[in-house]
Structure formats: C-alpha cells, structure tokens
Q: 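Structure incoming, see below.
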Amino acid sequence: MIQRIQSFYLFLSSVFYFSYWYFGMEWFKKGLSIINDIYSNNLDFVFDIISYIPLIISAICFFTILLFKNRQMQIRMSYSALYISLFMCVFSGFYFYITLNNGLIEIMPSTTLEILLYSAILNPFVCSFLIYLAIKSIKNDDELVNSLDRIR
C-alpha cells in the first residue's frame, strides 16, 4: 500500500532533499567561489556534478515510493539512496567546514539565513536517518508478508 510509514519517510526525505537543492543552489555557488579562492583550483566541474546529487536522491526516494508492490526493488533503491545520502553527509561536512571557517557566514544578509544555513548542515543527516527508517520498515513489512505466506 502507498499509505505505509516508509512511504512517509521516503516522501519526507525527498521533499527535504529537493528543498535543499532548490533553495541552497545560490549559496552553494557562493561557497564554491570561496573554496576556489582558497585552493586556487578550478573545481567547478566537480562541484557542478555534486550540486545535482540532492536532486538525484530526491528523485530516487520519490520513485521508490511508487515501487510499493515490489518490496525487494524498493529495498535496493532505498539502499542506493542511503549510500548516496551518506556521501552527501560527508561532502556537506567537508564543504561547510571549509566555507564557514572562511567567510560564508559573513556574507549572510540576516540571522534567519544563518539559521537556515545551519539547518542545511543537518539536512543530509536527517534525510539519511529517514531513509534508514524507511528501509527498516520495508524489511519489517516484507517479513510480515513472508510469515503470512508460510502460514497458508
């Protein structure tokens, strides 16, 4: 069924990652200019690819919801979203460590945006946890259905 708790977890992580991508792109590019100034390398190509990872995770989570009849495929897709999300956690930690120490906080126009920036640091971690909970719930459903098949 589509109204299961794992669908809710996957939908939340999809919405969080989409908002992380959509609203954070401008500040991501400003932080990229700070990183390029520090390391004097042209890392634009790498960061252009990485900037679309939240959108990819959001799409995977959304399409995983639609696979509610095929639980094994749903588990595999959720695991792929989890692994990419864990990479995003590591990348976000690295990215925000460099940019916050070197001036991204100073160019924020208001304290509200500073709070949103700090929440953007936590977003991949929260989403990874939600995806983990979804995988755990899908496995529980799969075990429940398999146990009912054995009784018949």
Q: Would you confirm whether Ser14, through its side chain, and Leu10, through its main-chain N or O, come within 3.5 Å as a donor-acceptor pair?
A: no

Q: Hey, could you give me the CD1/CG distance between Ile5 and Leu133, rounded to the nearest 0.5 Å?
A: 9.0 Å

Q: Decide yes or no for Tyr17 and Ser85: does some side-chain heavy atom of the first lie under 4.5 Å from some side-chain heavy atom of the second?
A: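 Yes, at least one pair of side-chain atoms sits under 4.5 Å.
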
Q: Nearest 0.5 Å, what's the CE-OG1 distance between Met77 and Thr64?
A: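 Here the rounded value is 4.5 Å.
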
Q: Do you know the tightest heavy-atom contact between Arg4 and Phe68?
A: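 Here Arg4 and Phe68 meet closest at NH2-CB, 3.3 Å.
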
Q: Please state whether the rings of Tyr79 and Tyr83 are parallel, tilted or perpendicular, taking 30° and 60° as the class boundaries.
A: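 Plane angle under 30°, so parallel.
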
Q: Please determine whether a side-chain nitrogen of the Lys or Arg among Arg71 and Asp141 lies less than 4.0 Å from a carboxylate oxygen of the Asp or Glu.
A: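 Looking at Asp141 together with Arg71, the answer is no, because their closest N to O distance does not fall below 4.0 Å.
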
Q: Can you find a pair of side-chain heavy atoms, one from Ile60 and one from Ser80, that are under 4.5 Å apart?
A: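 Yes, their side chains come closer than 4.5 Å.
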
Q: Does Tyr9 reach the side chain of Ile131, with side-chain heavy atoms less than 4.5 Å apart?
A: no

Q: As an exercise, state the distance from OG of Ser78 to NZ of Lys139, rounded to the nearest 0.5 Å.
A: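 One gets 10.0 Å once the value is rounded to the nearest 0.5 Å.
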
Q: Can you find a pair of side-chain heavy atoms, one from Gln72 and one from Asn70, that are under 4.5 Å apart?
A: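 They are in side-chain contact.
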
Q: Enter the distance from Leu130:CG to Gln6:CD here, rounded to the nearest 0.5 Å.
A: 13.0 Å

Q: Taking atom CD1 of Ile56 and atom CH2 of Trp21, what is their separation to the nearest 0.5 Å?
A: 10.5 Å

Q: Is there a path from Phe94 to Leu122 through hydrophobic residues (I, L, V, M, F, W, Y) whose side chains come within less than 4.5 Å of each other?
A: no

Q: Consider only side-chain heavy atoms of I, L, V, M, F, W and Y, link residues closer than 4.5 Å, and tell whether Ile50 and Phe125 are in one cluster.
A: no

Q: Measuring from Leu12:CG to Phe8:CZ, what's the distance to the nearest 0.5 Å?
A: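 Leu12 CG to Phe8 CZ: 4.0 Å, rounded to 0.5 Å.
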
Q: Strictly distance-based, threshold 3.5 Å: is any side-chain N or O of Ser92 a donor or acceptor partner for the main-chain N or O of Cys89?
A: no

Q: Side chain of Asn146, backbone of Asp142: donor and acceptor closer than 3.5 Å?
A: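 The answer is yes, because a donor-acceptor pair under 3.5 Å joins these two groups.
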
Q: Around Tyr52, counting heavy atoms of other residues, nucleotides and ligands shown, do more than 12 lie under 6.0 Å from its OH?
A: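 No, not enclosed.
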
Q: Do Pro54 and Tyr22 have side chains that get closer than 4.5 Å, going by heavy atoms?
A: no

Q: What I'd like to find out is whether the side chain of Ser128 reaches to under 4.5 Å of the side chain of Leu82, using heavy atoms alone.
A: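 They are in contact (side-chain heavy atoms under 4.5 Å apart), so the answer is yes.
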
Q: Can you list the steps and then say if Tyr20 with Ser58 is a side-chain contact (heavy atoms from CB on, under 4.5 Å)?
A: CA-CA 10 Å; Tyr20 182 75; Ser58 176; over 6 Å; no

